[in-house]
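Just so you know, these numbers use all the heavy atoms, side chains as well, and skip hydrogens, waters and symmetry mates. In each ligand, atom 1 is the first atom listed, and ligand 1 is the first ligand listed. In what follows, residues are counted from 1 in the order of the sequence shown.
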Amino acid sequence: MTFNILKVYSDQPQLQAQLIEVYKDMPQLLIESPLCRAEIFLQGAHVTSFVPKLSSTLKSDVEHKPVNTKSETYNLDNELLWLSPIAEFRPGKAIRGGIPICWPWFGKHPKNSSLPQHGFARTSDFTVVNIHQDDNLAVHIQLQLTNDPSTQEVWPYPFTLTVNIVLAESLSVSLHTVNNSKKPMPLTQAIHSYFLLDNIDDSKLQGLEGCSFLDQLSDTLDTQMPPITITQEIDRIYHKQNASMQLVTNTHPATKNKILSIHQTNDTGTVVWNPWIKKSKAMSDFPDNGYHTMICVEAANAPEPIKIEADQSYQLNQTITRMD
Ligand SMILES: O=P(O)(O)OC[C@H]1O[C@@H](O)[C@H](O)[C@@H](O)[C@@H]1O
């Protein structure tokens, strides 16, 4: 095993079923607290399920079920994240759905296209350095990745990447990077969240109106006028800092809206991605009709790199909250 738990929570009885399970050879943290239930793979510090305990009794007819569905005490219809029903859980393969982490580069490597898309963090094993519950019952999890000879070959910087995950009524994911080298470190990165929708035709993303964006499909710049609705493939990077958005699904007047607030800090861009029909079919771990119930809204520092000076750090955050 490539992970250790340095501090566990056995003295915290409010946490009901926290342990490390191994799912298809991949260590996974299952956390159940009075506020929520979550599943996190140590590979990639990858959250694959987040179910807040809501007072709302709203039902949806989504198909997605978390990987580990032992819990009877949570309404799994309240899942916030999309996970591909045909995702592959194989060491070294990025899991399709949930919240992959793109680090230390977003998209293609700037100089060497043979290196893995979206960097190596999402397929690397993280170490659990701390799990604790605070007085408000939020569970704080710190997972860490540091440089080793294999990272040094493709990324010539000593670093400490800590993924801070806070599980409460909201889900918060932060990427905290320390540049332990003696030279400035350029970095592009993203918290690549896949959100579960009832129906893409009935959904909109608000909060990026008036922003310019890079259309990655045509490599052109444009400006967003109305809220974003999706009727075809979309792959854009919106230029906005500290974006605050609302993802509204079930917009039909006869139904009750489901509203997610997405709040980001230290982002310089927000990526919005939906592969639509042709690209869904081309991906082996993505169902043909998967595009219909998902959208990625990603807190990013991309396409322009940020620069972290020697011995300095940087933290990118995305927090998601069900509002209705
Ligand atoms: O298939 P991957 O490597 O997980 O990437 C999925 C998508 O991730 C998005 O962030 C990119 O903007 C898209 O261009 C890309 O297709």
Side-chain angles (χ1 to χ4, degrees), residues 26 41 43-48 81-110 112-124 154 173 175 187-197 200 205 208 211-222 224 228 230 232-240 243 245 247 262 264 267-306 316 318 320:
M26 297 180 65
F41 282 88
Q43 175 178 293
H46 194 139
V47 182
T48 51
L81 302 178
W82 183 88
L83 177 66
S84 170
I86 52 170
E88 287 178 55
F89 296 92
R90 186 157 48 83
K93 161 91 183 158
I95 299 167
R96 177 69 64 192
I99 311 186
I101 281 159
C102 307
W103 191 99
W105 58 86
F106 172 83
K108 289 190 173 33
H109 185 277
N112 183 348
S113 59
S114 69
L115 292 176
Q117 154 120 328
H118 291 329
F120 52 79
R122 65 178 177 166
T123 51
S124 298
V154 294
V173 177
L175 309 187
L187 181 72
T188 55
Q189 59 179 344
I191 301 168
H192 190 313
S193 306
Y194 287 73
F195 293 103
L196 180 62
L197 304 176
I200 189 85
L205 181 67
L208 297 172
C211 290
S212 65
F213 65 83
L214 170 68
D215 187 330
Q216 299 208 94
L217 300 171
S218 58
D219 204 19
T220 53
L221 284 173
D222 206 339
Q224 183 68 35
I228 300 169
I230 295 175
Q232 58 187 348
E233 183 183 359
I234 180 170
D235 191 352
R236 296 178 181 170
I237 305 180
Y238 286 87
H239 304 122
K240 186 166 188 178
M245 295 160 281
L247 180 57
I262 305 171
Q264 299 170 174
D267 55 319
T268 45
T270 296
V271 182
V272 179
W273 180 62
N274 181 296
W276 211 246
I277 299 167
K278 202 167 146 205
K279 278 214 178 126
S280 293
K281 290 185 175 165
M283 287 183 277
S284 62
D285 56 358
F286 202 104
D288 288 359
N289 62 357
Y291 73 95
H292 209 244
T293 52
M294 58 69 68
I295 185 172
C296 287
V297 181
E298 312 167 32
N301 295 112
E304 293 306 319
I306 53 162
L316 173 69
Q318 186 183 63
I320 61 177

Contact with ligand 1 for R122, non-hydrogen, under 4.0 angstrom: yes
- prompt: At the 4.0 Å heavy-atom cut-off, does K279 count as touching ligand 1?
  reply: no
Q: Decide yes or no for L81 and T48: does some side-chain heavy atom of the first lie under 4.5 Å from some side-chain heavy atom of the second?
A: no
Using a strict 4.0 Å cut-off to heavy atoms of [X], name the atoms of ligand 1 that fall inside it.
X    : answer
D235 : 11 (C), 12 (O), 13 (C), 14 (O)
Q117 : 2 (P), 3 (O), 5 (O), 15 (C)
V271 : 10 (O), 12 (O)
F106 : 10 (O), 12 (O)
E298 : 9 (C), 10 (O)
Q216 : 12 (O)

Review point. Does a side-chain N-to-carboxylate-O contact under 4.0 Å join K93 and D285?
Key: yes
The closest protein heavy-atom partner of atom 9 (C) of ligand 1 is H192 NE2, 3.4 Å
the protein heavy atom lying closest to atom 6 (C) of ligand 1 turns out to be W273 CH2, 3.6 Å
Test your reading of the structure: does Y194 have an N or O sitting under 3.5 Å from an N or O of ligand 1?
no
Item to complete: Let me see the working for N301 and L187 under side chain to side chain contact (heavy atoms under 4.5 Å, CB included), right down to the final yes or no.
Response: CA-CA 8 Å; N301 295 112; L187 181 72; 5.9 Å; no
- Using atom types as modelled and distance alone, determine if a side-chain donor or acceptor of Q43 lies under 3.5 Å from a backbone N or O of G92. yes
key: Intermediate values then yes/no, side chain to side chain contact (heavy atoms under 4.5 Å, CB included), S280 and H292   = CA-CA 10 Å; S280 293; H292 209 244; over 6 Å; no
Distance-only polar pair, side chains of S193 and Q318, donor-acceptor under 3.5 Å: yes
Before giving the answer on ring-ring contact (aromatic ring centres under 6.0 Å, His included), spell out for F106 and H118 the whole-Å C-alpha distance, their side-chain angles and the decisive distance to 0.1 Å. CA-CA 4 Å; F106 172 83; H118 291 329; 4.9 Å; yes
Exactly one candidate in K240, H239, Q264 meets side chain to side chain donor-acceptor pair (under 3.5 Å) with T270; the answer is Q264
